[in-house]
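All of these numbers come straight from a predicted model, not from anything done at the bench. If you read the sequence from its start, that first residue is 1, and numbering goes on from there.
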Amino acid sequence: MFQVSRLRTFGRVVFLVFLLATTMAPWFAYSHPATEESCPRPIVWLGGGYCACLITLKEYVEGALYGRDVMWLLCLPPALPVLSTLLLLLFGERRWLRVCHLSAWGIAGIYAFLWFGGVWYAHRGVLILWGAGLGGVVAVAILVGEMLIARLQSSTNHREVLS
């Protein structure tokens, strides 16, 4: 039982680090009309007369914290798993906190896949927001891992009751 708890804690910390690592990759894009020749180096040419400035989640949060506008609300869904993981690590396993933790990862995953898929669809298959896609993959992985560990813990508890 103690090993399952340690495995769960280790997994949560590892996936939290992975999520934080995805914040260094592009999550948002600001596209504008341009010609291919006038599109500078750090900007991605999308075709069809548009190029895009790629913005990482970290840069977006930094810009939002300095009070430019209320667009900082777009940064909340990816921040929810960070908060829920820290609360679980501080307060331990509580049923309501675990439900909130799984919900936070689910919301973050859906949000990331909506950004990734929406831009991918809008720009005909250009994978420019790969950070958001990777963030969605991390969210799905932690959800699957949490379910597998819960199942392992449940079967372990069941065996202890039977013996």
- Between Leu19 and Ile142, does a side-chain contact (heavy atoms from CB on, under 4.5 Å) hold up when you go through it step by step? CA-CA 10 Å; Leu19 180 68; Ile142 188 74; over 6 Å; no
Answer yes if [X] and [Y] sit in the same cluster of Ile, Leu, Val, Met, Phe, Trp and Tyr residues linked by side chain heavy atoms under 4.5 Å apart, and no otherwise.
X: Val14; Y: Leu16; value: yes
X: Leu102; Y: Leu88; value: no
X: Leu97; Y: Leu90; value: yes
X: Leu86; Y: Trp96; value: no
X: Val144; Y: Val137; value: yes

For the residue pair [X] and [Y], what are the closest heavy atoms and their distance?
X: Pro77; Y: Ala108; result: O-CB, 3.5 Å
X: Gly135; Y: Ala112; result: C-CB, 4.1 Å
X: Arg98; Y: Ala150; result: NH2-CB, 3.3 Å
X: Phe15; Y: Val138; result: O-CG1, 3.7 Å

- Note on the structure: Separation between CZ (Arg12) and OG (Ser84), nearest 0.5 Å, reads 8.5 Å
- Gap between atom CD1 of Ile149 and atom CE of Met147 - 0.5 Å precision: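 The CD1 atom of Ile149 is 11.5 Å from CE of Met147, to the nearest 0.5 Å.
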- Query: More than 12 non-hydrogen atoms from neighbouring residues, nucleotides or ligands closer than 6.0 Å to CZ on Phe113, yes or no?
  - Reply: yes
- Query: Would a 4.5 Å heavy-atom cut-off, applied to side chains only, mark Arg94 and His101 as touching?
  - Reply: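 With C-beta onward as the side chain, the pair stays apart.
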- Query: Less than 4.5 Å apart, any side-chain heavy atom of Trp105 and any of Leu80?
  - Reply: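 With C-beta onward as the side chain, the pair stays apart.
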- Keeping the roles fixed (side chain from Thr85, backbone from Val82), state whether a donor-acceptor pair exists under 3.5 Å. no
